[in-house]
Participant: 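Please see the structure below; I have some questions.
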Amino acid sequence: MVRVSADDETESAVAVDPLTAGGENRDDGDRPRRAFWADAVADEIEARDPEEPIVVKGGVSPSGVPHIGHLNEVMRGYLVAEALRERGREVRQVFTADDRDPLRAVPRTLATLDWEVVSLGDTENPGALGRNLGRPLTDVPDPFGCCDSFGAHQTHLLQRMADAVGVPVEVVSNTDLYEDGGFEEVTRDLLADRERAREVLAEYQASVDPDGDYVPFTPICDSCGKLTGRVVAVDLDGGTVDYVCEDSEAGNRTIEGCGREGTATLREGKLPWRFEWPAQWRVLGVDFEPFGKDHAEGSWPSGEHVSREVLGFEPPVPMVYEWFTYNGEALSSSSGHVVTVDDVLSMLEREVFRYFFTKPPKRARDFDVGGLDQLVDEFDRFEATYFGTVDADEDERSLADRAYPMCVDDVSGSSPVRIPYTFAAVLGMTDDSDLRATMARRSGHLPEDAAPESVSLALARVEKAREWAVRTDNEYNYRLAESLPAVDPTPEAAAALEDLADFVEREAPDGETLQGEIYETARGHGVGVGDFFELGYRLFLDEPEGPRLGPFLAALDRRFVLRRLRREG
RNA sequence: GGGCUGAUAGCUCAGCCAGGCAGAGCAUCUGGCUCUUAACCAGACAGUCGGGGGUUCAAAUCCCCCUCAGCCCGCCA
């Protein structure tokens, strides 16, 4: 349990411990056991008997390159939203771009709207950021020059990220909430009760003096434009505050104030994060919010306390998720160790990527690009479990029953045709889509009678798997040699190739027959089997090794195979 | 220093909430397929459930201590 307050006598708030949220039922044993964590969370939300539409929120401060870690803020909420919708609830999913946050540091890397990750120096206006430290992100020019502000650029990327995974979210700009007056009433309440606000926050932040003059609002200086105003007087009737523009600390650097003494309205500033978060909950009516483990012990307990004791409402059901790593190392938005949604979707089908987020949120997970074939194989089994075409235990079945429909756009009546991912990568050896289909059929991965639509859906995986094989340059990264590779067979091997060509021409063998014939031919000419296979791989792939040669050659165009075996081109 | 979370087969992970034979996939090995070839099939091997203690008829699961990793206890999100 989170201790809400050391000296709280007015109410013994039942603190929900977010660290155990997300799968476990808590204080009662009445709720049913759930195979899918999102259903356990949905149970918890429904237990509060919320008004509809139920609001699920996520949000990020849009500063560096948005990466798959940020997608937790979209996908975890989405899965809970879907669990509720399937129970007949109306749900709104909103996503806040915390774009009034000040620019605190200059990110080393940024992304274009097309997800090209570039260093700041390569943008059109690299000085835009460094010259505007301390200003709200929406008041900083876009270094790319394509959007109204840096904040707008970043928020645009967040929207595109959600679109890319096919999750409909309402993106809400914090700056808009301030400027349109959405935050005005809650700001007024916080200022009216600023002593209480200060006392509560002081329990969580040593820098706040409970008897001091802390005010939970930071005006934007109307002279230098930075979030450096310190409030010296509050006029609630007039709806303004007086401020002095002073130096403020941001990270390990100081943002210089300009000394200006001015007046700002309640729309011309920003609530400190510890108050802004609960303010969002109230203004947007949030019922559920997932957040990263970094929030679990700082902002969540204080936000929960602020919302109950200062603002007077029940905070949302919380859920902490563990962070992802990428190839074993922490993702870093500013330094550029990132994998973007665009990167991922170039290698994975959208439904497979969504499946990744159905795994329990509390466990740290590595997004291991080298092992993506395992993830796809797992998804294929998950899908087959849903359609009942594979043996699975009861837990697997009930999980698939619930979670699979949330991964795909439409559940079709029968299981889609799936080509195993590594084989799909092998098919990427050729760009000829007819040849891909032929090879898939002859290898038994594509039914002869498959409808054209299901063939093209199945073959869509080839581009993804090919991209994966190329990026990781792994053992599935084959390329059909377009022109005759340089080979220098011994006379015996040359004669064997000639015989093999004749056999192929005469018999049009299937893969297994051809595989056997390769052995026979090699032996018949006194050529080492290993050497002969290597010669074959060299001729067709210009590699010393490759897929099983007989089925591989049988799947290729026969005229091409003959020409190549005879070294005619 | 105080706190939160995690650690299960070589690898990736289920199982833990509500105690009941230690699981899956991949990898490995063996065998099969007229056949050493990364796209086939079958079988086998594989774990001190991070370590130690406790509760219990019974502990991966509940409790306590410890180790390691990430995070929080400044700012910020």
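Below, chain A is the first sequence line, B the second, and so on; all start at residue 1.
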Participant: Does a side-chain N-to-carboxylate-O contact under 4.0 Å join Arg365(A) and Glu322(A)?
Facilitator: no
Participant: Can you tell me how far P in rC62(B) sits from the matching atom in rC76(B), rounded to whole Å?
Facilitator: 37 Å
Participant: Strictly by Watson-Crick or wobble contacts shorter than 3.5 Å, is anything paired with rA18(B), and which nucleotide is it?
Facilitator: none
Participant: By side-chain contact (heavy atoms from CB on, under 4.5 Å), which residues pair with Asp510(A), not counting sequence neighbours?
Facilitator: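 For Asp510(A), the residues satisfying side-chain contact (heavy atoms from CB on, under 4.5 Å) (neighbours in sequence not counted) are Glu512(A), Thr513(A).
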Participant: By the 4.0 Å heavy-atom rule, please label Gly530(A) as base, sugar-phosphate, or nothing.
Facilitator: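 Base, at least one base heavy atom under 4.0 Å.
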Participant: Only pairs with both distances under 3.5 Å count, Watson-Crick or wobble alike; so what is the partner of rC49(B) in this structure?
Facilitator: none
Participant: Mind checking the C1' distance from rG52(B) to rA7(B)? Whole angstroms is fine.
Facilitator: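 Looking at atom C1' only, rG52(B) and rA7(B) are 16 Å apart.
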Participant: Remember a base hit wins even if backbone is also touched, and classify Thr325(A) as base, sugar-phosphate or nothing at under 4.0 Å, heavy atoms.
Facilitator: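 The answer is nothing, as Thr325(A) stays clear of every strand by at least 4.0 Å.
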Participant: Report which part of the nucleic acid Arg442(A) touches: base, sugar-phosphate, or nothing (heavy-atom distance under 4.0 Å, all strands).
Facilitator: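 Touches nothing.
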Participant: Could you pull out all residues at least two apart from Phe95(A) that satisfy ring pair (Phe, Tyr, Trp, His ring centres under 6.0 Å)?
Facilitator: none
Participant: Could you pull out all residues at least two apart from Tyr478(A) that satisfy ring pair (Phe, Tyr, Trp, His ring centres under 6.0 Å)?
Facilitator: none
Participant: Give each protein N/O atom lying under 3.5 Å from an N/O atom of nucleotides 1-3 of chain B, with the pair distance.
Facilitator:
{"unit_1": "rG3(B)", "atom_1": "O2'", "unit_2": "Glu297(A)", "atom_2": "OE1", "d": "3.3"}
{"unit_1": "rG3(B)", "atom_1": "N2", "unit_2": "Glu297(A)", "atom_2": "OE2", "d": "2.3"}
{"unit_1": "rG3(B)", "atom_1": "N3", "unit_2": "Glu297(A)", "atom_2": "OE2", "d": "3.4"}

Participant: May I ask you to say what Ala206(A) touches in the nucleic acid, namely base, sugar-phosphate or nothing, with a heavy-atom cut-off under 4.0 Å?
Facilitator: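 Sugar-phosphate, backbone atoms only, no base.
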Participant: What interatomic distance, in whole Å, is found between C1' of rG15(B) and the corresponding atom of rG47(B)?
Facilitator: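 The same atom, C1', in both gives a distance of 14 Å.
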Participant: With a 3.5 angstrom cut-off on both distances, give the Watson-Crick or G-U wobble partner of rG43(B), or none if there isn't one.
Facilitator: rC29(B)
Participant: Holding to side-chain hydrogen bond (donor to acceptor under 3.5 Å, both in side chains), I want the full list of residues that pass it with Ser443(A), two or more places apart in sequence or in another chain.
Facilitator: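 For Ser443(A) there are no side-chain hydrogen bond (donor to acceptor under 3.5 Å, both in side chains) partners, ignoring immediate neighbours.
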Participant: Please give the nucleotide sitting opposite rC71(B) as a Watson-Crick or G-U wobble pair, both distances under 3.5 Å, or none.
Facilitator: rG3(B)
Participant: Give me the distance, rounded to whole Å, that separates rG74(B) from rG25(B) when you measure between the P atoms they each carry.
Facilitator: 49 Å
Participant: Salt bridge (charged side-chain N to carboxylate O under 4.0 Å, His left out) with Lys226(A): which residues, sequence neighbours excluded?
Facilitator: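 Lys226(A): no salt bridge (charged side-chain N to carboxylate O under 4.0 Å, His left out) contacts found.
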Participant: Rounded to whole Å, how long is the line connecting atom OH of Tyr355(A) with atom P of rU12(B)?
Facilitator: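 Answer to the nearest Å: 16 Å.
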Participant: State which of rC73(B), rU5(B), rC71(B) makes the closest approach to the side chain of Lys362(A).
Facilitator: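 The listed nucleotide nearest to Lys362(A)'s side chain is rU5(B).
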Participant: Consider the side chain of Pro547(A), meaning its heavy atoms from C-beta on, and name the nucleotide among rU34(B), rA77(B), rA39(B) that approaches it most closely.
Facilitator: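 Of rU34(B), rA77(B), rA39(B), rA39(B) is nearest to the side chain of Pro547(A).
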Participant: Between rG10(B) and rG2(B), how many Å separate the two P atoms, rounded to a whole number?
Facilitator: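 Between the two P atoms, the distance is 34 Å.
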Participant: The side chain of His295(A) lies closest to which of these nucleotides: rC76(B), rC35(B), rA77(B)?
Facilitator: rA77(B)
Participant: Give me, pair by pair, the N or O atoms of the protein and of nucleotides 23-31 of chain B that are less than 3.5 Å apart, along with how far apart they are.
Facilitator:
{"unit_1": "rG25(B)", "atom_1": "N2", "unit_2": "Gln374(A)", "atom_2": "OE1", "d": "3.2"}

Participant: Please evaluate the base of rC71(B) for a donor-acceptor partner in the side chain of Glu322(A) within a cut-off of under 3.5 Å?
Facilitator: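 In this structure, the two groups form no donor-acceptor pair.
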Participant: Does Leu271(A) or Leu553(A) map to a spot on RNA chain B nearer the 5' end, using the closest nucleotide for each?
Facilitator: Leu553(A)
Participant: For rC75(B) and Ser207(A) - does any side-chain N or O of the residue sit under 4.0 Å from the phosphate oxygens OP1/OP2?
Facilitator: yes
Participant: In chain order, what residues pass the side-chain hydrogen bond (donor to acceptor under 3.5 Å, both in side chains) check against Asn132(A), with sequence neighbours excluded?
Facilitator: Arg135(A)
Participant: Across all strands shown, which nucleotide pairs with rA77(B) by Watson-Crick or G-U wobble geometry, both distances under 3.5 Å?
Facilitator: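 Checking every strand shown, rA77(B) finds no partner, since no pair has both distances under 3.5 Å.
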Participant: So, does the side chain of Arg548(A) form a donor-acceptor pair with the base of rC35(B) at under 3.5 Å?
Facilitator: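 A donor-acceptor contact between them is present.
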Participant: So, applying side-chain contact (heavy atoms from CB on, under 4.5 Å) with Leu514(A), which one of Leu500(A), Thr521(A), Val561(A) is it?
Facilitator: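 Among the candidates, only Leu500(A) passes.
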Participant: Would the Tyr476(A) and Tyr421(A) ring centres measure less than 6.0 Å apart?
Facilitator: no
Participant: With rounding to the closest Å, how many angstrom separate the C1' atoms on rC49(B) and rC13(B)?
Facilitator: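 Per the computed distance, 13 Å lies between those C1' atoms.
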Participant: Within this structure, what is the CG-to-P distance between Asn327(A) and rU12(B), rounded to whole angstrom?
Facilitator: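 Computing the Asn327(A):CG to rU12(B):P distance gives 12 Å.
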Participant: Output one line per pair: protein atom, nucleotide atom from nucleotides 13-15 of chain B, and distance, for all N/O pairs under 3.5 Å.
Facilitator:
{"unit_1": "rC13(B)", "atom_1": "O3'", "unit_2": "Arg365(A)", "atom_2": "NH1", "d": "3.2"}
{"unit_1": "rA14(B)", "atom_1": "OP1", "unit_2": "Arg365(A)", "atom_2": "NH1", "d": "3.1"}
{"unit_1": "rA14(B)", "atom_1": "OP1", "unit_2": "Arg365(A)", "atom_2": "NH2", "d": "2.5"}
{"unit_1": "rA14(B)", "atom_1": "OP2", "unit_2": "Arg363(A)", "atom_2": "NE", "d": "3.0"}
{"unit_1": "rA14(B)", "atom_1": "OP2", "unit_2": "Arg363(A)", "atom_2": "NH1", "d": "2.7"}

Participant: I need the CZ-P distance between Phe356(A) and rU12(B), as an integer number of Å.
Facilitator: 13 Å
Participant: Are any of the side-chain heavy atoms of Asn474(A) and Trp468(A) separated by less than 4.5 Å?
Facilitator: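 With C-beta onward as the side chain, the pair touches.
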Participant: For His445(A), which residues count as a ring pair (Phe, Tyr, Trp, His ring centres under 6.0 Å) partner, sequence neighbours excluded?
Facilitator: Phe423(A)
Participant: At 4.0 Å (heavy atoms only), tell me whether Gly292(A) reaches a base, stays on the sugar-phosphate, or touches nothing.
Facilitator: nothing
Participant: Got a sec, which residues hit salt bridge (charged side-chain N to carboxylate O under 4.0 Å, His left out) with Glu256(A), two or more places apart in sequence or on another chain?
Facilitator: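 So Glu256(A) forms no salt bridge (charged side-chain N to carboxylate O under 4.0 Å, His left out) with any residue.
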Participant: Using the C1' atoms only, state how far rA69(B) lies from rU30(B), rounded to an integer number of Å.
Facilitator: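 My reading of the C1' atoms in rU30(B) and rA69(B) gives 39 Å.
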Participant: Can you name the side-chain contact (heavy atoms from CB on, under 4.5 Å) partners of Ala162(A), sequence neighbours left out?
Facilitator: Val74(A), Val169(A)
